[in-house]
Protein chains: 2
Amino acid sequence: MRLTTKGRYAVTAMLDLALHSDEGPVSLADISTRQGISLSYLEQLFARLRHFKLVKSVRGPGGGYRLMSSTADISIAQVVDAVSESLDATRCEGKGNCHEGEVCLTHHLWEDLSAQIHQFLSDITLADLVARNDIQSVRARQDLRVVTMQKDESHIAVSEIL
Amino acid sequence: MRLTTKGRYAVTAMLDLALHSDEGPVSLADISTRQGISLSYLEQLFARLRHFKLVKSVRGPGGGYRLMSSTADISIAQVVDAVSESLDATRCEGKGNCHEGEVCLTHHLWEDLSAQIHQFLSDITLADLVARNDIQSVRARQDLRVVTMQKDESHIAVSEIL
DNA sequence: CCAATTCCGAGTATTTTACTCAAGTATTCA
DNA sequence: TGAATACTTGAGTAAAATACTCGGAATTGG
């Protein structure tokens, strides 16, 4: 599980797609202008999303992309996995050829942690995010919750609307 | 919150440090040979870890690095944050200059998701991992705790193993 | 002093990111 | 049918991040 801007672009695009799924196929050109992602980059991302069977394409005029399954059946983890290579920073690469017990211990711990993060993102679906989005637009921005995280010596205020 | 091999290297190194914390300062050379990470790269990583006050250094012969605080007070999120730049793939960069509501909607959703991932990793400490390492072989993974956060009509299930 | 170690900066090869450009294919509407 | 639309594919590329090398400096225990 790798988490970079690439995955973020993919999730953003998929969210945009989900938000307009009731209006027929969505063209990449539309997503491009709405989300400010270059068309060619979107093409690359959607080639992978299509390959992983998360979206299907409709060619011709009025065509575009559709979600392959319901928003409730597409997890964030799936989207991120589709566009990013699998993370591997081990020396033994799971072959267990590092006989110094120490090495495999921490490797094992990381594998475990990595699995947890993956599970975490597997439990969040596009439907979850879209549902929250619906609520957001309805009740304007009355519930402004401000969470203050302490980072280093500086305070960074993270405002999130729920 | 960005999650790449760099963060993985940092967490691995910090885990190694935690595992040998009772034997006095741990030199980067030791971590290098044990974990298969180049010495110079470790120097870069620990420069940042030191700057973020996660470790302290002891110079001279027999010197090395010590954890700044107890393993229970150092979260995985802190380690990852220390070595990686903050992820920013927005067009408006929080300035709110994207007047097409659509854009900010998905941006906000991602911010929120990102905050959740961050929170998730903030709840896991080095002590948790070290403890699991001790117990791991003994009692497998019986304590599966599932936390479900209910927010209005949308619910996001967060499963975390502790 | 001397060796071990952290510190520091410069440099660099490789990979990833994000994008551009160009050509080609399938589909639909008129 | 034909042209417009839009996906599809591939090549190429600049910028950034990654992971490392090298050389030296500062610090300190023995």
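All heavy atoms count here, side chains included; hydrogens, waters and symmetry mates do not. These numbers were taken from a predicted model, which means no experiment stands behind them. The sequence lines fix the lettering, A, B, ..., with proteins before strands; numbering per chain opens at 1.
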Presence of Tyr9(B) side-chain N/O under 4.0 Å of dA17(D) phosphate oxygens OP1/OP2 | no

Short side-chain N/O contact from Arg50(B) to OP1 or OP2 of dC8(C), under 4.0 Å = yes

Exercise answer: donor-acceptor pairs, residues 46-53 of chain A side-chain atoms, under 3.5 Å, sequence neighbours excluded:
{"from": "Arg48(A)", "atom 1": "NE", "to": "Ala82(A)", "atom 2": "O", "distance (Å)": "3.1"}
{"from": "Arg48(A)", "atom 1": "NH1", "to": "Glu85(A)", "atom 2": "OE2", "distance (Å)": "3.0"}

Residue list, side-chain contact (heavy atoms from CB on, under 4.5 Å) with Ala72(B), at least two apart or on another chain | Ser70(B), Ala127(B)

Arg59(A): side-chain contact (heavy atoms from CB on, under 4.5 Å) partners, not counting sequence neighbours | none

To the nearest Å, give me how far apart [atom1] ([X]) and [atom2] ([N]) are.
X        : N       : atom1 : atom2 : value
Tyr41(A) : dT17(C) : OH    : P     : 6 Å
Leu49(A) : dC7(D)  : CG    : C1'   : 14 Å
Phe46(B) : dT6(C)  : CZ    : C1'   : 12 Å
Leu39(B) : dA4(C)  : CG    : P     : 14 Å
Ile37(A) : dT20(C) : CD1   : P     : 13 Å
Leu3(B)  : dT17(C) : CG    : P     : 13 Å
Arg48(A) : dT8(D)  : CZ    : P     : 15 Å

Counting primed atoms, P, OP1 and OP2 as sugar-phosphate and everything else as base, the B/S/- map of nucleotides 25-30 of chain C against protein heavy atoms under 4.0 Å is BSBB--

Looking at the side chain of Lys6(B), which of dT16(C), dA19(D), dT6(C) is the nearest nucleotide?
-> dA19(D)

Which of the following nucleotides, dA19(D), dT6(C), dT17(C), is nearest to the side chain of Thr5(B)?
-> dA19(D)

When we call it a touch if two heavy atoms are under 4.0 Å apart, what does Ser27(B) touch: a base, just sugar-phosphate, or nothing?
-> sugar-phosphate

Would you classify Tyr65(B) as touching base, sugar-phosphate or nothing, given that sugar-phosphate means primed atoms plus P, OP1 and OP2, and contacts are heavy atoms under 4.0 Å?
-> sugar-phosphate

Results of side chain to side chain donor-acceptor pair (under 3.5 Å) for Thr125(B) - residues two or more places apart only = Asp128(B)

Considering residues at least two apart in sequence or located in another chain, which fulfil the side chain to side chain donor-acceptor pair (under 3.5 Å) criterion with Glu43(B)?
-> none

Exam field: side chain Ser57(A) to backbone Tyr65(A), donor-acceptor pair closer than 3.5 Å = no

Pair of N/O donor and acceptor under 3.5 Å linking dC8(C) base with Glu43(B) side chain = yes

If Ile, Leu, Val, Met, Phe, Trp and Tyr residues are connected whenever their side-chain heavy atoms lie under 4.5 Å apart, and connections chain through other members, are Met68(B) and Leu28(B) in the same group?
-> no

